[in-house]
Amino acid sequence: MSDFNVVGKSGNFDKTLVDKLIGRLDYADDRMPGKKLFTRALLTPYAHAEVVRVDKSAAEAIPGVKAITSVECCPVFTRNVRYGQQDIAAVAAVDPETAARGVAALEVEYDVKPHIIDPDEAAEPGADHTGVWEDTNVRTAEIPMRGDVEAGMDEADQIIEVTAGWSNYWQHRELEPRSCVAQWVGDHLYIWTTSQNPFGQRAGLTGRLVERLPDYTQPEGEAPVQRAMPMHKIHLVSHGSGSGHGNKHFNEWLSIASTLSDFSGMPVTYHLNREEQHCGESTHQNGGKITLKVGVKDDGTITALDSTITADGCGNGATTALGMQFPLQWTFKVPNAHFKGIDVATNKPKRGPWRCVADPPGDAIMSLALDKVAAEIGMNPLDFRLKNLMEPDMVQYETGLPFASMGVRECFEKAAEAVNWNQNWHAPGERTLDDGRKHGMGISGHIDSHGQMSAPCGAILHLTKDGHCLINPGQSHCAGSINAFAVIVAETLGMKYDDVSIGEWGNTDVTSEGGSEGGSTQTITLGSAYYEAAMDARNEAFEIAAEWMGVEPDELDAEDGVIFEKNNRDNSRTWQEVAGRFRWPIIGKGHSWEKRLRRPLNNWDVGDECEVRGQLAAAIEIAVDTETGHIEILKFANAIDNGMTINYHGFMNSTYGGCEIMHGQMMNYEQVIDHGSGLTLNPNMWQNSHVTSMDINPEGYTAIAVESDDHCGTYGCKGVGEPQVSSIACLSNAFYNATGVWIDSLPITPDKVLKALGKA
Amino acid sequence: MPEKEMTEEKRQLSRRQFIRNAGIVVGGTAVGSSILLSACGEDVTTTVTKTETVTTDVAKYVSPFDGQEFDTLAALEAHITDKYLEDPDVIEKLKYVDPFTGEEFDSLAALKTHIEENYIEVAPAEPIEGLVEMTVNGKKRSFVDLKPYSSLMFVLREKLGLFGTKDGCSMGECGTCTVIMNGKTVYSCLALAVECDGAEIETIEAQSDGVTLNAAQQKLYEQSAVQCGYCVPGIVMSATSLMRNVNNPTLNQIKEAISGHQCTCGNLNVYLQALAGLDMEVRR
Ligand code: FES
Ligand code: FES
């Protein structure tokens with residue numbers, strides 16, 4: 001937007017850009033060379049068992065093994081093995097290989113029980129109990145019926161029932177695995193970790209660890225005093241953090257390293273290897289399947305829908321099926337609707353957030369099902385969606401709240417335009433390229449549950465006496481929201497972006513609580529706190545400037561490093577000049593906003609509660625080689641309603657990045673579990689891989705910002721992380737458009753293609 | 001050949017090994033900063049060290065009578081005593097030479113005094129078990145305690161504190177640990193450190209002084225082409241290697257050069273665009 005001087009401008013580079021390029025940005029275990037112990041974990045060879053006994057004696061006898069923790073003494077481990085390669089013990093030793101030898105020497109006695117990997121099998125009446133929930137493998141939940149589904153179906157010209165099958169199951173495979181260094185000094189614990197939520201991790205650790213009481217002697221005959229570790233005795237730092245995407249909110253690996261450090265008296269690093277990372281305690285993206293009944297008029301208007309989603313809750317019993325309904329529930333104007341969720345517990349490694357637990361897989365099956373409906377009624381799938389999208393002046397059916405911004409229609413339109421949808425879309429199977437490959441077009445998108453305000457957090461900043469601003473965000477530097485705070489602060493103060501620096505960050509001792517860099521919430525939430533902090537500091541500085549300039553503070557404004565009188569720009573001072581008059585550094589403080597309108601919208605007033613939701617669509621053009629099963633992405637447009645672009649380069653890179661990640665999800669990512677043993681067969685990066693540079697046509701990717709000007713977020717922004725990777729069904733839809741054949745589950749690999757085409 | 005000499009021969013060391021041993025034995029200073037003179041050729045039996053001068057020249061004691069070369073002063077002395085009388089007439093015409101400086105002396109005794117005053121002559125050190133030496137970012141680094149299973153990545157990070165080299169997978173699947181070894185990119189997690197004996201290694205830390213970026217870094221800088229940054233050092237090393245060998249590489253060449261890297265932020269396409277100088281934009 002042209003009204004802004006800093007917000008959304010290109011050229012505002014990542015504040016740690018040079019450090020990243022020269023290898024100087026420190027990540028979790030980039031410290032203490034030669035001084036720390038290394039950890040390996042024991043991963044169970046069974047997917048369902050009880051641990052009866054762990055014998056450490058042989059491991060303890062290995063030279064170089066310094067500490068062992070297991071189900072008996074570590075707050076993370078449990079005797080209840082509910083999935084394969086679950087961690088139940090860990091060894092710290094002088095190097096990773098010795099730690100691995102220690103692990104191999106641990107003798108474990110198990111009581112092995114039957115396991116189930118397939119959720120359909122687990123949901124069968126009479127199936128073996130997976131042991132995840134008491135007495136059952138299945139839980140159901142429903143959203144109270146909206147309108148009258150039966151009446152809505154009666155209004156329809158056609159009633160169509162479709163299904164779409166299980167989509168991918170995989171671990172995040174983040175390039176920097178979960179990693180940390182833990183060191184006790186007296187009764188204080190120091191931790192350097194990879195994190196998406198340093199303060200949340202600290203809070204989590206207080207519940208897991210017991211306070212050290214150096215002078216305490218247990219009175220004879222009495223139970224020992226055990227107090228939760230107090231927060232102020234945990235000093236947690238997270239600077240660089242590699243590719244979090246949801247799996248770095250937690251604290252299991254910190255607890256393990258802390259326990260081993262306690263036992264050994266030495267600093268201990270736990271940098272997970274790939275098997276520990278792919279199984280262990282990590283969370284996984286997991287799919288679902290949908291049964292969708294839709295009442296639809298001849299013009300494509302949906303009159304009613306009844307949707308049931310079944311989700312695999314895995315060995316941790318995550319209940320996400322109803323959450324997976326969100327895209328369908330929120331995106332379309334359907335007055336009569338019923339949403340049901342069935343969660344099934346299996347013995348797979350944990351389900352949890354990868355760019356959300358629910359929305360991406362929810363979209364994957366919903367968008368596929370909607371295309372099936374569009375195909376049944378012979379309608380262009382884009383037109384079918386545009387016909388039924390929520391409108392900006394509507395309230396959400398279940399909450400009754402207005403949307404603070406609504407860009408979903410524009411997302412669909414712009415994504416479609418970027419791939420020349422109107423020229424290129426054709427009836428299924430009808431276009432063959434000159435080289436013999438089949439040509440296909442696909443689209444998907446929705447209103448997402450993410451992008452809104454999250455838990456309250458705070459911001460502090462300092463105006464220094466040389467005219468700079470120093471911010472200290474309580475967040476690690478992973479996805480780049482720290483740069484967004486610098487943009488917001490520079491815009492608010494009227495400073496140059498380069499005059500806003502980041503001092504210390506992600507350090508629970510010296511920064512204010514920054515909340516979570518997850519759920520697409522950081523820019524909007526902590527960003528609002530930074531806006532408040534900047535206003536706080538600006539007000540104090542303007543008082544000093546106003547006195548010097550002979551005006552009232554409210555007659556001043558600032559931009560591009562200059563404070564000036566609004567009605568007489570000649571009366572001006574630079575920030576450096578004004579700062580020279582500070583008697584002390586000025587400190588600005590702020591708290592994050594609530595989810596309420598800050599500007600009037602339609603019939604709604606400032607202060608009214610509202611919905612802030614990220615919105616998205618992606619459109620794809622592909623070529624399918626029906627002989628080899630290979631699919632080439634010719635064009636891929638990722639359109640994100642970000643409210644307002646704050647951090648231009650961060651948004652650009654991660655939206656292009658969204659294309660690439662979805663490319664991997666659509667065609668590659670899949671953790672393969674052997675149903676017989678219950679074990680993951682490919683806990684690595686090459687069989688369960690991201691795309692490589694050879695797979696990518698970067699010129700085919702398009703990053704699109706739909707700036708819907710959110711009426712709640714700072715400078716109109718909202719969050720973007722999850723929306724950038726949530727349109728993976730567009731490939732399934734494009735494949736149908738290319739071949740006239742549905743592939744029901746992701747990823748779409750050459751073998752699935754050939755099978756679908758009857759060639760394998 | 002006298003038996004003693006034969007025994008010494010059995011303990012012959014290569015010159016490179018010898019220097020390492022001497023660096024540790026003599027004065028205990030680190031190799032690279034210690035100053036060594038070697039009175040030996042390729043096959044070494046005796047060490048002479050002097051702490052002011054740096055040289056790696058091969059030095060031999062030469063018999064002025066017949067031109068025969070000896071590794072040690074003692075060997076020269078034995079040769080002279082055994083074969084020649086100290087005939088003053090002959091000696092007047094011959095000169096004994098300091099093999100390190102070329103300075104001439106009239107008698108063996110004078111040379112001996114000079115050598116004893118100016119150099120410390122030490123017996124050859126026993127080879128140190130498992131000693132490994134490599135040049136890392138232009139500095140010689142020696143190790144005596146490497147485990148046979150330790151990777152180069154582990155040594156760079158945990159022995160040398162070069163944490164710019166990242167550990168993404170430890171098993172050759174992600175590229176984060178890429179360094180340049182003897183001019184070629186390698187996954188340092190797959191190279192056993194003990195096998196890197198004698199290698200020239202460059203890590204990300206050598207690519208910039210923090211002020212000036214190398215050509216690959218500069219390309220990425222110009223587009224602020226990073227996300228979380230964990231894969232960046234590895235990408236920079238591969239791109240650097242390419243750009244040293246190919247002027248203005250094409251998109252396909254860049255694709256190939258970074259094809260061994262994973263980036264779970266989805267930033268490979270951004271690297272490709274930035275390194276190829278393609279225009280990136282957000283459509284609004
Ligand atoms: S750490 Fe070496 S290739 Fe992954
Ligand atoms: S930028 Fe995060 S892994 Fe590449």
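To find a chain, count down the sequence lines: A is the first, B the second, and so on, and within it residues start at 1.
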Structural part of A:Asn653 lying under 4.5 Å from a heavy atom of chain B: both
Any donor-acceptor N or O pair under 3.5 Å, side chains A:Asp14, B:Ser224: no
Side-chain donor-acceptor contact under 3.5 Å, A:Trp686 with B:Glu173: yes
Leading residue by heavy atom contact count with chain B [cutoff under 4.5 Å; candidates A:Leu272, A:Ile696, A:Asn273, A:Asn697]: A:Ile696
Top contributor to chain B interface from A:Asp19, A:Val725, A:Thr692, A:Ile704 [non-hydrogen pairs under 4.5 Å]: A:Ile704
When A:Ala703, A:Ser693, A:Ser241, A:Gly650 are compared by non-hydrogen pairs under 4.5 Å with chain B, the top option: A:Ser693
Centroid-centroid under 6.0 Å between A:Phe13 and A:Tyr497 rings: no
Side chain / backbone / both / neither for B:Ser170 at chain A, heavy atoms under 4.5 Å: neither
Per-residue contact mode, A:His690 against chain B (heavy atom under 4.5 angstrom): both
Most contacts with chain A, counted as non-hydrogen pairs under 4.5 angstrom, among B:Asp167, B:Ile254, B:Asn269: B:Asn269
Residue selection (most heavy-atom pairs with chain A, distance under 4.5 Å) from B:Val232, B:Val226, B:Asp279: B:Val226
Donor + acceptor pair across side chains of A:Gln522, A:Gln196 (<3.5 Å): no
Chain B contact via A:Lys36 - which portion, at a heavy-atom distance below 4.5 Å: side chain
Which portion of B:Ile258 sits near chain A, non-hydrogen atoms under 4.5 angstrom: both
Interchain contact, A:Asp695 with chain B, by part (heavy-atom threshold 4.5 Å): neither
Between A:Ser10 and A:His649: side-chain donor-acceptor atoms closer than 3.5 Å: no
Contact check, side chains of A:Gln475 and A:Ser238, non-hydrogen atoms, under 4.5 Å: no
Pair A:Asn247, A:Glu174: side-chain N/O donor-acceptor within cut-off below 3.5 Å: yes
Partner chain A: residue of B:Phe154, B:Phe163, B:Tyr149 with the largest heavy-atom pair count (under 4.5 Å): B:Phe163
Greater than 12 external heavy atoms within 6.0 Å of B:Asp145's CG: yes
Six-ring centre of A:Tyr701, A:Lys635 cation under 6.0 angstrom, axis tolerance 45°: no
A:Thr655 and A:Gln724 side chains, donor-acceptor separation under 3.5 Å: yes
Portion of A:His663 that has a non-hydrogen atom of chain B nearer than 4.5 angstrom: neither
Side chain / backbone / both / neither for A:Glu410 at chain B, heavy atoms under 4.5 Å: neither
B:Arg157 and its salt bridge (Lys or Arg N to Asp or Glu O under 4.0 Å) partner, picked from A:Asp26, A:Asp29, A:Asp95: A:Asp29
Region of B:Glu222 in contact with chain A, defined by heavy-atom distances below 4.5 Å: backbone
Heavy-atom contact with chain B under 4.5 Å, split by part of A:Val706: neither
Structural part of A:Met662 lying under 4.5 Å from a heavy atom of chain B: neither
Given B:Asp197, B:Ile201, B:Leu156, B:Leu160, the one that forms side-chain contact (heavy atoms from CB on, under 4.5 Å) with B:Met134: B:Ile201
Contact origin within A:Ala637 toward chain B - heavy atom pairs under 4.5 Å: neither
Options A:Gly664, A:Ala418, A:Ser654, ranked by heavy-atom pairs under 4.5 Å with chain B, top entry: A:Ser654
B:Leu213, part contacting chain A, at a heavy-atom distance under 4.5 Å: side chain
Neighbour count above 12 (heavy atom, 6.0 Å) for B:Asp209 CG: yes
Top of A:His477, A:Gln277, A:Arg173 for chain B proximity - count of heavy-atom pairs under 4.5 angstrom: A:Arg173
Chain B contacts, top residue of A:His172, A:Lys20, A:Arg274 (heavy-atom pairs, under 4.5 Å): A:Lys20
Among B:Gln217, B:Gln207, B:Gln227, B:Glu256, residue most engaged with chain A (heavy-atom pairs, under 4.5 Å): B:Gln227
Side chain / backbone / both / neither for B:Ile235 at chain A, heavy atoms under 4.5 Å: neither
Donor-acceptor pair between A:Ser243 and B:Thr264 side chains, under 3.5 angstrom: yes
